[in-house]
Number of protein chains: 2
Amino acid sequence: MNVSASNERKSSILESLTSLYINTARPVSSSLIKDEFDLSVSSATIRNILVELEELGYIEQPHTSSGRIPTDKGYRFYIDTLMKKQNIRDEEKNELKLACLSSAHKTQEIIDKTSEILAEISNEAAINFFFNLSDSVLKHIELINLSLMQVLVVLITDSGIVRNYIVNFNESISTGELKRISNFLNENLKNTPLVDIKTKLYTLLNEHNLVYLQLAHEACRIFDALEADELFERDYDIHQDGINNIMNQPEFFNLEYLKDVLDVFESKERLAEILKDSFEPDFNNAKVTIGKENRCKGFQNCSLVTAGYKIKDKTVGMFGLLGPTRMAYSRMLPLVEYMAEMMTETLNDFSRDERDE
Amino acid sequence: MNVSASNERKSSILESLTSLYINTARPVSSSLIKDEFDLSVSSATIRNILVELEELGYIEQPHTSSGRIPTDKGYRFYIDTLMKKQNIRDEEKNELKLACLSSAHKTQEIIDKTSEILAEISNEAAINFFFNLSDSVLKHIELINLSLMQVLVVLITDSGIVRNYIVNFNESISTGELKRISNFLNENLKNTPLVDIKTKLYTLLNEHNLVYLQLAHEACRIFDALEADELFERDYDIHQDGINNIMNQPEFFNLEYLKDVLDVFESKERLAEILKDSFEPDFNNAKVTIGKENRCKGFQNCSLVTAGYKIKDKTVGMFGLLGPTRMAYSRMLPLVEYMAEMMTETLNDFSRDERDE
DNA sequence: ATTAGCACTCTTACCTAAAGAGTGCTAATT
DNA sequence: AATTAGCACTCTTTAGGTAAGAGTGCTAAT
């Protein structure tokens, strides 16, 4: 048999072994491969091939005389080259879509709902990480007097995010004054990216006449207060669900692993860190980070499947699915991709609503 | 020796045993009690007393010829009668207080922060459950046009809660119209409990002249939409932190227990259920629910320490601390009580600000 | 190049024995 | 009558040792 044919068979056996291991969670023996896929070769032949695959670093034995499991490199090759993506069932698609639609335009809620439903359907831990806040564009700002020296600032952005900030002042502000500031801000800052607001305000300060000057000054006071209050510090929303799912996976019967993962899931900051690691500006297909490819040391036995969603072609958030490296990639990748697609659709429908206005 | 003296000694030994078990997490032997507390009696005498305590149901042996551990009944007696509450260290008090102050007037944030810091200091799992929303009083309502058929409703209550709801309409509403509705609502509904708003609106419908009639109709449309949207469905905020803390406790090395607890902690609904169970209208001191006293079957080896906080003498939320039944009650109770006290203070300061306005 | 056959390795489960902790009981002591 | 020393007994824990089972790697035959 020539080399190319031999390579083909090697691949086929690696694929079989990987999918068997994913399904059974136990090291795969040569005879199991023979039994499950009628390869018209003996187990001894398969064993010879397994030795080659092991030498190439795609598989390994937990101990001599046990079956074999894929290495990170093996999974990588399986995902990139061998695996066929499964189709998602229509009813599952509907559920995922519904999670977006039912809470469309309520950003905080959509983030919770989508990660919840994704966790349920995938049976892994799911994360939704929406990080566009500072990139998004101001649509409307509303100032509401709470008390003499307190103002509630409601920011509405083009992506439908609504945020409240309470700003405390040292001097009192009258309702009329507030009204004028708010009109001024809406007139001048509409469609300005949040990050640019301060700069634009200072430009306005230099450009306009005295009345405006005073207004802009007061407006600056508000945005200064927002910053001082560290309110732009965390400019993302993140939600996670389904750790209880991965607890049932045999790899997490080891309490140490479980503890490591739970530690990360308890902290929104660390979760955000990790998701950021797999960010890519152009994020069309799902991306997988396998085992030791993860920088985070608690995730060395886990894989993270991520897919980004966009507003007007700009990635503004990501879904993540975390499970053991032995994960049903052929199902998880399309799942996350579809979820991200739906999220993109929903968000862009909202943006379109804006423009129609 | 007479009966009363003997009872005193029994109590003293139960106390010693309980606190030893809380500290060491291992069944307590007669000789350990003798060694740790110089009782000027022999271990044999202590053993005789232990038998009596066992017959009374306060302690039990995991197996014959092991040391003894308190039963739920034993813990109950320890907490209600024997235990002396520890003083909280000043620096800890400061930390707890700071968590309230630093995010005062930002209800969602204060709930997150306080449960976080409480978990850290207690080294158990902490919960903050704020359930007053439907009881609280409308302070201000703001309507903001998002698009032709969408309105953002911002509700501000006397307890400083800010909530956003997006309401979708079938017909379009002009900005002017919206302004009028919002003025009408603020004039007529200020200081109305949220639960009574609908009734009050309908009363207004019958009372006023034609102009008002139309306005009230439109206002009703908004609140109808809010209800249809199931937005009053969950009228509480709840936040949990520190499950990783209890993972380090030896009783949770058993994965089954851990799983049961995690399952509950994953669901805000179930957490709320459980906290509700220990609600009391007049909630001054911390309350403990021990082991099987918990209705929730996953918590049969856990204790829940709760304390309520108030606005104007009405309980509006609770702190909870969850850990193994073998919990440092003498420290945890004062901790939760102090945290609740601080929360009460902070919330009432805010209410006072209102009235000054 | 493939395969049957088999010796070898490693894991797992199960058993046994020994050590250790702690009790309950009895009989002696205060 | 209460206390206690002493000791047999029970149960857990640890270690070691053996047998069964799974799966491999190698060799020699096809």
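Numbered from 1 within each chain, the chains take letters A, B, ... in sequence-line order.
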Given [options], identify the nucleotide with an atom nearest to the side chain of [X].
X        : options                  : value
Thr64(A) : dC10(C), dT24(D), dT4(D) : dC10(C)
Gln61(B) : dT4(D), dG25(D), dT23(C) : dT23(C)
Ser29(A) : dG23(D), dT3(C), dT2(C)  : dG23(D)
Thr45(B) : dT2(C), dT23(C), dT3(D)  : dT3(D)
His63(B) : dC11(D), dC26(D), dT4(D) : dC11(D)

Any donor-acceptor N or O pair under 3.5 Å, side chains Ser303(B), Tyr329(B):
yes
Scan side-chain atoms only and decide if Glu60(B) and Thr71(B) contain a donor-acceptor pair under the 3.5 Å cut-off.
no
[N] phosphate, OP1 or OP2: any side-chain N/O from [X] under 4.0 angstrom?
X        : N       : answer
Arg68(B) : dG24(C) : yes
Arg47(B) : dA5(D)  : no
Ser65(A) : dC10(C) : no

Rounded to whole angstrom units, what separation is found between the [atom1] atom of [X] and the [atom2] atom of [N]?
X        : N       : atom1 : atom2 : answer
Leu50(B) : dT4(D)  : CG    : C1'   : 15 Å
Glu55(A) : dG25(D) : CD    : P     : 10 Å
Glu60(A) : dT24(D) : CD    : P     : 14 Å
Lys34(B) : dG22(C) : NZ    : P     : 15 Å
Asn48(A) : dA28(D) : CG    : C1'   : 14 Å

Could you tell me the Watson-Crick or G-U partner of dA29(D), where both distances fall under 3.5 Å? Say none if there is no partner.
dT2(C)
Under 4.0 Å between any heavy atoms, over every strand shown, what does [X] touch: base, sugar-phosphate, or nothing? Just pick one.
X        : value
Ser30(A) : sugar-phosphate
Arg26(B) : nothing
Ser31(A) : nothing

Any donor-acceptor N/O pair, Gln249(A) side chain to Pro324(A) backbone, under 3.5 Å
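No; judged by distance alone, with no hydrogens or angles, the pair does not exist.
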Within the side chain of Lys73(A), is there an N or O that forms a donor-acceptor pair under 3.5 Å with the backbone of Leu56(A)?
yes
To the nearest 0.5 Å, what is the distance between CG on Asn301(B) and CG on Asn294(B)?
10.0 Å
